[in-house]
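What follows is one structure encoded as structure tokens, with my remarks underneath.
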Amino acid sequence: MPVLTTDAESETGIPKSLSNEPPSETMEEIEHTCPQPRLTLTAPAPFADETSCQCQAPHEKLTIAQARLGTPVDRPVRVYADGIFDLFHSGHARALMQAKTLFPNSYLLVGVCSDDLTHKFKGFTVMNEAERYEALRHCRYVDEVIRDAPWTLTPEFLEKHKIDFVAHDDIPYSSAGSDDVYKHIKEAGMFVPTQRTEGISTSDIITRIVRDYDVYARRNLQRGYTAKELNVSFINEKKYRFQNQVDKMKEKVKNVEERSKEFVNRVEEKSHDLIQKWEEKSREFIGNFLELFGPDGAWQMFQERSSRMLQALSPKQSPVSSPTRSRSPSRSPSPTFSWLPIKTSPPSSPKAASASISSMSEGDEDEK
């Protein structure tokens, strides 16, 4: 939507709202050419010096209520958020997400302070400024990154980047001799608060590293870093390496114990399976044996049938002795022999044996 240019500005450098007076003859209609928010996330966010806002249309001042209603319709609301962003974490990303979603159509600019300013007003950083710039460029909520951002926002900076609102948590930020570096932004009605994420911050992460310094030093020594790179003394290096060896031995013992427990459990499972199978097979064997050799089994029936078949097929039994022939008067009687052996019981004593022998001899004499 075309707007009218005006030269009226406030003392702080923030453009004043257009009055209701009719436009003068020197005003001309100019359309906004402000950069639009990123719609596709196939590339990192650009730097401000690479794609600065060259829009010639006047940047009229907005109220928070107007911005939340979606006005103006011809350009996005330019929201600015700044910080150090050292060890970029989820708390940083959540704050930027809130700044991005403050208004229906927002263009988020993120200012990152340089190493010189940060070391001067806050302290030493883990990541250098180039690494921090790149971390912000790859955040999905960021549309533009401003390098070497000022510690305190000046009217010239706000006008240069055509900033509508500044987003930050509402806790007073005392620094650079000021009780709150965002005080003048709040007084101008350009401040929009965001909520901090509890339990996560750069200071908390650094505290964890300092607290567990020995663990991280041992880990990096094990991964190939030298003691000089870690700023570790000779004695501490030897101590850490010895502790690493002890931990390795403990891990090996633990692995052996776990494997032995697994082996014992497998043996127990297999033994239970074998015992169960043996019981099943034994029951099956006993059942088959009883079916075959029991009183009503197939083997008993087979024996009965076979005996009946043998009785039916065998001839009648022959006489035990031949008939006795009559004696002829002219011939002496022939001795009679028995076809079957005569069973005699054995003598019960030597005297009985001798008596039987004598009786046999007498019988022979009579026959003679």
Could you walk me through whether Arg219 and Gln222 pass side-chain contact (heavy atoms from CB on, under 4.5 Å), step by step?
CA-CA 5 Å; Arg219 183 190 68 175; Gln222 191 174 4; 5.6 Å; no
Can you name the nearest heavy-atom pair linking [X] to [Y], along with the distance?
X: Asp143; Y: Lys100; value: OD2-NZ, 2.5 Å
X: Arg132; Y: Asp86; value: CD-CA, 3.9 Å
X: Phe85; Y: Gly111; value: CE1-O, 3.8 Å
X: Pro37; Y: Asn105; value: CG-OD1, 3.7 Å
X: Glu237; Y: Ala227; value: OE1-CB, 3.5 Å
X: His184; Y: Leu153; value: NE2-O, 2.8 Å

Do [X] and [Y] come within less than 4.5 Å of each other through their side chains, counting heavy atoms only?
X: Glu129; Y: Val112; answer: no
X: Tyr182; Y: Asp82; answer: yes
X: Glu60; Y: Gln66; answer: no

Using a strict threshold of under 4.0 Å (side-chain N to carboxylate O), is an ion pair present between Glu134 and Arg137?
yes
Could you give the distance from CG (Asp49) to CZ (Arg147), rounded to the nearest 0.5 Å?
4.5 Å
Using 0.5 Å steps for rounding, measure from the CD atom of Glu144 to the CZ atom of Arg38.
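With rounding to 0.5 Å, CD (Glu144) is 10.5 Å from CZ (Arg38).
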Within 6.0 Å of CZ in Arg140, more than 12 heavy atoms from elsewhere
no
Answer yes or no: are there more than 12 heavy-atom neighbours, outside Glu258 itself, under 6.0 Å from its atom CD?
yes
Measure from the side-chain N and O atoms of [X] to the backbone N and O of [Y], and report whether any donor-acceptor pair falls under 3.5 Å.
X: Thr118; Y: Ser114; value: yes
X: Ser282; Y: Glu279; value: yes
X: Gln98; Y: Gln195; value: yes
X: Glu159; Y: Glu156; value: no
X: Arg68; Y: Phe103; value: no
X: Arg78; Y: Lys162; value: yes

Is the Tyr240 ring parallel, tilted or perpendicular to the Tyr213 ring (thresholds 30°, 60°)?
perpendicular
Parallel, tilted or perpendicular for Trp151 and Tyr173, by the 30°/60° rule?
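The rings of Trp151 and Tyr173 sit tilted, inter-plane angle from 30° to 60°.
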Please tell me whether Ile171 and Ile200 are part of a single hydrophobic cluster in this structure, the criterion being side-chain heavy atoms less than 4.5 Å apart.
no
Check the pair Tyr80 / His161 against ring pair (Phe, Tyr, Trp, His ring centres under 6.0 Å), numbers first and verdict last.
CA-CA 9 Å; Tyr80 176 79; His161 296 283; 7.5 Å; no
Under the side-chain contact (heavy atoms from CB on, under 4.5 Å) criterion, do Lys186 and Asp180 qualify, and how do the steps go?
CA-CA 10 Å; Lys186 295 176 181 177; Asp180 188 3; 2.9 Å; yes
Check each of Ile205, Leu87, Thr202 against Val126 using the side-chain contact (heavy atoms from CB on, under 4.5 Å) test, and report the only one that passes.
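Exactly one option meets the side-chain contact (heavy atoms from CB on, under 4.5 Å) with Val126, and it is Leu87.
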Arg75/Asp164 under salt bridge (Lys or Arg N to Asp or Glu O under 4.0 Å): CA gap, chis, key distance, verdict:
CA-CA 11 Å; Arg75 68 171 181 86; Asp164 293 309; 2.9 Å; yes
Take Val267 and Phe263, measure what side-chain contact (heavy atoms from CB on, under 4.5 Å) needs, and give me the verdict at the end.
CA-CA 6 Å; Val267 171; Phe263 177 75; 3.7 Å; yes
